[in-house]
Student: 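Just passing along the structure, written as structure tokens.
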Amino acid sequence: MRNPDYKVALIVPVYNEHETVETFVNTVNEKLAPELEHIEIVFIDDGSSDNTVELIEKLQENDKKISLIRLSRNFGKEAAMSAALDLVQSDAIVPIDVDLQDPPELVLDFIRIWRDEGIDTVYGVREDRSSDTSTKRVSSEGFYYVFNKMSGKVKIPSNVGDFRLIDRKIIDILKTLKERNRFMKALYAWPGFSSKGVGYTRPERVAGQTKWNYWKLWNFALDGIFAFSSLPLKVWSYIGGFIGLLSLIYMTWNILKTMIFGNPTAGYTTLICVILFLGAVQLISIGILGEYVGRLSQEVKGRPVYVAQSITGPLAKKIPQGL
Ligand code: UDP
Ligand code: MG
């Protein structure tokens, strides 16, 4: 059913990862030995400022399945993966982290399910997240819950990252999604087709430091929600309507009270509370508008998601027009 000479590309974004690239390649060669003839490795250097590129170029001399796409500066992991989706030609791709937090041996299961069962997306499900802090676990659960409630028809499974095998047919559809704000987790889910999860335990990074912090994660979550839901925009008319209704009741009560009991000067507390409350509600709603307008302006400008400066290794030969 699948082409017997299939090629699966591991797409590996790297940003200042000199501590991990070599271990990664060695682990792939060791753990994926039964499938090596079908595997290629495509590193995307996301503008590293250390010697990551030199290390990869050195590895390329002895290992003919390693390609390298170099971006012209740091564009972020999502942009790096978009570059790979656009440029890689293989029958399936597997986005995988270089720090071995996505165990390469799982790719054997991915390939088996894709090849033998005909499933189009096989994703890794993090079953045991004890290597993450409890704050990170709770916030990530909360995010998946909120996202799936708000996003309408595009659902993302919880505890699933980018680590997955994606069939060519889906890659070709993903290439037509031209938005600049690339929340890959949900974009991967957008085309649909058959999918299946495989459980695994997510280990700690082998070496080096994570590039994420809570502020970045928060913004990443906002990007996802604003890109896949317009509920935050619409909710203000309902909040406004509700506050309007309450005000009407309160107004009627005050008019009646004044008519019956007269008007001894009072009400400063009420006044200040109402002003502050409504001020805050208005500022939040303007802020939300700003979030959408900011993203709209990014989309309208239509700048490319990434700029690739060079491709080396076997992939270079498959891109006839070059860069
Ligand atoms: N990464 C990247 N560009 C960036 C930040 C990270 O290409 O701006 C790569 C990084 O080299 C690694 C992967 O994305 O291969 C995941 O990064 P990290 O381990 O820091 O994230 P975490 O596993 O903590 O979510
Ligand atoms: Mg990591």
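In listed order, ligands and their atoms are each counted from 1.
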Student: Considering heavy atoms of the protein only, find what lies nearest to atom 23 (O) of ligand 1 and give residue, atom and distance to 0.1 Å.
Tutor: Gln101 OE1, 2.8 Å
Student: Would you say Lys7's side chain and Glu37's backbone share a donor-acceptor pair under 3.5 angstrom?
Tutor: yes
Student: List every atom of ligand 1 that sits less than 4.0 Å from any heavy atom of Gly76, numbering the atoms from 1 in the order shown and giving each element.
Tutor: 3 (N), 8 (O)
Student: So between Asp46, Val98, Asn16, whose heavy atom ends up nearest atom 4 (C) of ligand 1?
Tutor: Asp46
Student: Do Lys58 and Asn51 meet the criterion of a side-chain donor-acceptor pair at a distance under 3.5 Å?
Tutor: no
Student: What is the nearest protein non-hydrogen atom to atom 10 (C) of ligand 1, stated with its residue, atom name and distance?
Tutor: Glu17 OE2, 3.2 Å
Student: Looking at Asp99, which atoms of ligand 1 are within less than 4.0 Å of one of its heavy atoms?
Tutor: 19 (O), 23 (O)
Student: Main chain of Arg70, side chain of Gln309: is a donor-acceptor contact present, judged purely on distance under 3.5 Å?
Tutor: no
Student: Tell me, which protein residue and heavy-atom name are nearest atom 6 (C) of ligand 1, and how many Å apart are they?
Tutor: Lys211 CD, 3.9 Å
Student: So, Asp86 versus Tyr306: side-chain donor-acceptor pair below 3.5 Å or not?
Tutor: yes
Student: Would you mind checking which non-hydrogen protein atom is closest to atom 21 (O) of ligand 1, with the distance to 0.1 Å?
Tutor: Trp212 CD1, 3.0 Å
Student: State, with a plain yes or no, whether a side-chain heavy atom of Phe143 is found less than 4.5 Å away from one of Ile156.
Tutor: yes
Student: Can you tell me which residue and heavy atom of the protein come closest to atom 13 (C) of ligand 1, and the distance to 0.1 Å?
Tutor: Asp97 OD1, 3.6 Å
Student: Could you check whether Glu105 and Tyr200, counting side-chain N and O atoms only, form a donor-acceptor pair closer than 3.5 Å?
Tutor: no
Student: Taking the basic N atoms (NZ, or NE/NH1/NH2) and the acidic carboxylate oxygens, is any pair closer than 4.0 Å for Glu291 and Arg295?
Tutor: yes
Student: Give a yes or no on whether Asp99 keeps an N, O or S atom under 2.8 Å from the Mg ion (ligand 2).
Tutor: yes
Student: Nearest protein heavy atom to atom 9 (C) of ligand 1, by residue and atom, and its distance?
Tutor: Pro13 O, 3.6 Å
Student: Phe163 and ring pair (Phe, Tyr, Trp, His ring centres under 6.0 Å): which partner among Tyr123, Phe110, Tyr188?
Tutor: Phe110
Student: Give me the nearest non-hydrogen protein atom to atom 24 (O) of ligand 1 as residue plus atom name, then the distance to 0.1 Å.
Tutor: Thr210 OG1, 2.6 Å
Student: Give me the residue, atom name and distance of the protein heavy atom closest to atom 14 (O) of ligand 1.
Tutor: Lys77 CD, 3.2 Å
